[in-house]
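The structure appears below as structure tokens.
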Amino acid sequence: MSIFNGLAAVEEEILKCMKCGNCQAVCPLYRESRQEPAVARGKIRLAAAVLDGRLKPAETLARRFDLCLTCLACVATCPSGVKVDRIILAARTAMVREKGLPFIKKTAFAGLSRPHLFDLGIKTAARLQGVFFKRLEQEKMQPRFPLGLELRRIVPPLASVPFRDRVAETHKVERPVATVAFFTGCMTNYLYPEIGQATLRVLKAHGVNVIIPRMQHCCGAPLLYNGAADMAREMAKSHVDLFGSIRADAIITVCGTCGESFKHLYPELLDTTPGYGKKAREVADRIMDITRFLYKLPFNPNLFRAPELSITYHQPCHLGRGLGVVQEPLSIIRSIAGVTYQPLKEPDRCCGNAGSFSLTHYDLSYRVLAHKLRDIKSSGAQMVITGCPACRMHLNDGLTQEQMPQKAVHTIEFLAGILAER
């Protein structure tokens with residue numbers, strides 16, 4: 001039974017919880033709030049009460065389940081192996097089915113689930129962003145008015161031309177060693193086209209053909225993680241149809257959350273949808289983060305020329321704990337001459353972004369980020385590398401506000417920046 005069909009699907013997970021409290025030690029939100037409902041154990045007890053009828057879905061209860069970064073730290077440390085993330089997603093879905101979505105989320109998700117409408121809306125916003133945001137630097141803007149964003153928050157500008165509108169659909173090289181389909185994700189397409197361009201450059205330098213399907217759109221993660229599974233189902237089906245029809249050795253992602261959506265959530269969401277369960281699993285089997293793909297090629301460090309540079313690496317939650325991509329980016333970074341790797345004390349500690357969480361709980365999100373910023377400062381590194389566009393954005397927000405000299409870039413951006421001319 002799918003977690004998107006109700007809490008009954010996670011009853012076994014709920015029963016596995018020993019209430020030992022190990023999750024408290026690693027939960028970023030509990031470290032800040034010291035409130036039991038913020039930790040996995042508390043939410044599991046609430047889920048059990050809903051499941052057996054002692055609690056009815058209500059707005060206050062939904063807010064308890066919203067108070068989670070889905071960073072998977074509790075899952076990684078649980079001695080009983082409780083998949084807390086499954087319980088959280090099942091509970092959120094059950095709450096939405098019972099009580100519906102808040103108006104703002106319902107409106108936003110309705111736009112996201114309509115790719116052409118969403119694309120038009122983002123392009124219109126890009127043309128008007130100067131009215132609502134003031135530009136601080138080329139890559140940094142700040143809200144002029146409190147329109148759902150904290151006025152102190154630093155955000156990147158929307159791209160004047162989205163990445164997929166800038167490039168051809170097919171990119172071929174001589175004597176290719178592989179062919180991949182590239183799922184760009186929304187942040188790369190609309191905010192960081194340089195990540196997309198970097199992905200193309202590095203893959204082509206390694207002799208890889210790249211296909212960038214024109215009809216791709218949002219992976220649906222914002223909807224799935226907020227309980228709107230019914231709205232996300234058609235989005236998942238269209239991607240399974242699209243990428244399932246492409247002959248490629250792998251489907252590349254540059255965002256752990258997008259990768260998790262394809263690899264873990266789509267098969268579960270579409271498991272009982274006629275004609276889609278098997279197709280979703282087949283697509284999931286080909287999903288691969290860009291660094292894992294490069295590592296397996298294998299990666300050629302001789303293509304790169306780096307100045308003497310000290311870097312550190314922040315491990316995104318959904319990339320590391322979610323997709324198991326931990327050693328590959330580090331192996332790649334360390335293999336490049338001239339680069340000195342300065343590890344963080346807690347490289348896998350959540351930065352606090354968690355997608356929409358940083359929009360709805362910015363102060364708490366920033367308090368979580370503050371720990372990461374202190375870790376970066378103590379590392380002495382000149383640059384921060386990460387494998388997630390959302391982490392990149394959140395880290396640069398904090399680095400700018402705290403007037404720290406480092407800049408956060410995506411792993412593939414870093415590699416493209418030191419790629420030797422050929």
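FYI, side chains are in, hydrogens and waters are out, and symmetry mates aren't considered; it's all heavy atoms of this structure.
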Find the distance between CD1 (Ile332) and OG1 (Thr411) and round it off to the nearest 0.5 Å.
->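 Spacing of CD1 (Ile332) from OG1 (Thr411) equals 8.0 Å.
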
Is atom [atom1] of [X] surrounded by more than 12 heavy atoms (other residues, nucleotides or ligands) closer than 6.0 Å?
X: Arg114; atom1: CZ; value: no
X: Ile246; atom1: CD1; value: yes
X: Arg45; atom1: CZ; value: no

In chain order, what residues pass the side-chain contact (heavy atoms from CB on, under 4.5 Å) check against [X], with sequence neighbours excluded?
X: Asp249; answer: Ala178, Thr179
X: Asn22; answer: Cys20, Pro79
X: Cys219; answer: Phe183, Ala221, Cys258, Ser261, Phe262, Tyr266
X: Asp165; answer: Lys123, Val161, Pro162

Go through Lys16 and Glu12 one step at a time and tell me if the salt bridge (Lys or Arg N to Asp or Glu O under 4.0 Å) criterion holds.
-> CA-CA 6 Å; Lys16 283 162 60 177; Glu12 186 175 331; 5.6 Å; no

Smallest separation among heavy atoms of [X] and [Y], with atom names:
X: His394; Y: Leu369; result: O-CD2, 3.4 Å
X: Pro389; Y: Val254; result: CD-O, 3.4 Å
X: Leu55; Y: Leu46; result: CD1-CD2, 3.8 Å
X: Leu270; Y: Lys237; result: CD2-CG, 3.6 Å
X: Cys74; Y: Val84; result: SG-CB, 3.6 Å
X: Pro143; Y: Lys134; result: O-CE, 4.4 Å

Sorted by first residue and then second, give each ring-ring contact (aromatic ring centres under 6.0 Å, His included) pair with at least one member in residues 112-155; sequence neighbours left out.
-> Phe118-Tyr190

Contact list for residues 28-76, test ring-ring contact (aromatic ring centres under 6.0 Å, His included), sequence neighbours left out |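 Listed by first then second residue: nothing to list.
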
Keeping to residues at least two apart or across chains, list the side chain to side chain donor-acceptor pair (under 3.5 Å) pairs with something in residues 152-163.
->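 Output for this query lists Arg152-Asp363, Arg152-Gln401, Arg153-Ser358.
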
Taking ring-ring contact (aromatic ring centres under 6.0 Å, His included) as the definition, give me every residue that meets it alongside [X], ordered by chain and number, with sequence neighbours left out.
X: His410; answer: none
X: His314; answer: none
X: Phe414; answer: none
X: Tyr192; answer: none

May I ask you to say whether Glu260 pairs ionically with Lys263, meaning some side-chain N is under 4.0 Å from a carboxylate O?
->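 Lys263 and Glu260: not salt-bridged.
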
N/O donor-acceptor pair under 3.5 Å between [X] side chain and [Y] backbone:
X: Arg286; Y: Ala248; result: yes
X: Thr188; Y: Gly185; result: no
X: Asp375; Y: Glu346; result: yes
X: Asn226; Y: Pro222; result: yes
X: Arg64; Y: Thr60; result: no
X: Gln129; Y: Leu158; result: yes
X: Thr93; Y: Leu89; result: yes
X: Gln142; Y: Leu136; result: no

Among all residues two or more places apart in sequence or in another chain, which pass the side chain to side chain donor-acceptor pair (under 3.5 Å) test with Ser238?
-> His217

4.5 Å side-chain heavy-atom contact, [X] and [Y]:
X: Lys279; Y: Asp241; answer: yes
X: Arg321; Y: Cys71; answer: yes
X: Leu395; Y: Lys372; answer: yes
X: Asp271; Y: Arg281; answer: yes
X: Val96; Y: Asp230; answer: no
X: Ile3; Y: Glu268; answer: yes
X: Arg233; Y: Leu224; answer: no
X: Glu282; Y: Phe243; answer: no

How about [X] and [Y]: does a side-chain donor come under 3.5 Å of a side-chain acceptor?
X: Tyr362; Y: Asp397; answer: yes
X: Lys407; Y: Asn396; answer: no
X: Thr400; Y: Lys140; answer: yes

Applying ring pair (Phe, Tyr, Trp, His ring centres under 6.0 Å), run through His206 and Phe293 and close with a yes or a no.
-> CA-CA 11 Å; His206 279 82; Phe293 179 80; 8.9 Å; no

Step by step, would you call Glu32 with His371 a side chain to side chain donor-acceptor pair (under 3.5 Å)?
-> CA-CA 10 Å; Glu32 302 306 318; His371 295 278; 2.5 Å; yes

Residue among Ile412, Ile195, Val202, Val180 satisfying side-chain contact (heavy atoms from CB on, under 4.5 Å) with Ile290 |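 Among the candidates, only Ile412 passes.
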
Ring-face cation contact, Phe109 with Lys105, 6.0 Å cut, 45° max =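 No, Lys105 and Phe109 do not form such a contact.
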
Determine, step by step, whether Asp52 and Arg54 satisfy the salt bridge (Lys or Arg N to Asp or Glu O under 4.0 Å) criterion, reporting the C-alpha distance in whole Å, the side-chain angles of both residues, the deciding distance to 0.1 Å, and the verdict.
-> CA-CA 6 Å; Asp52 64 20; Arg54 286 179 288 126; 2.9 Å; yes

Quick check, are the ring centers of His361 and Tyr366 under 6.0 angstrom apart?
-> no

Could you tell me whether Phe299 and Phe304 have their ring centroids closer than 6.0 angstrom?
->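 Under 6.0 Å, so yes.
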
Run the numbers on Arg86 and Glu13 for salt bridge (Lys or Arg N to Asp or Glu O under 4.0 Å), then give the verdict.
-> CA-CA 8 Å; Arg86 291 176 58 82; Glu13 294 298 327; 5.0 Å; no

Check the pair Arg392 / Glu413 against salt bridge (Lys or Arg N to Asp or Glu O under 4.0 Å), numbers first and verdict last.
-> CA-CA 11 Å; Arg392 178 196 194 277; Glu413 279 183 278; 2.8 Å; yes

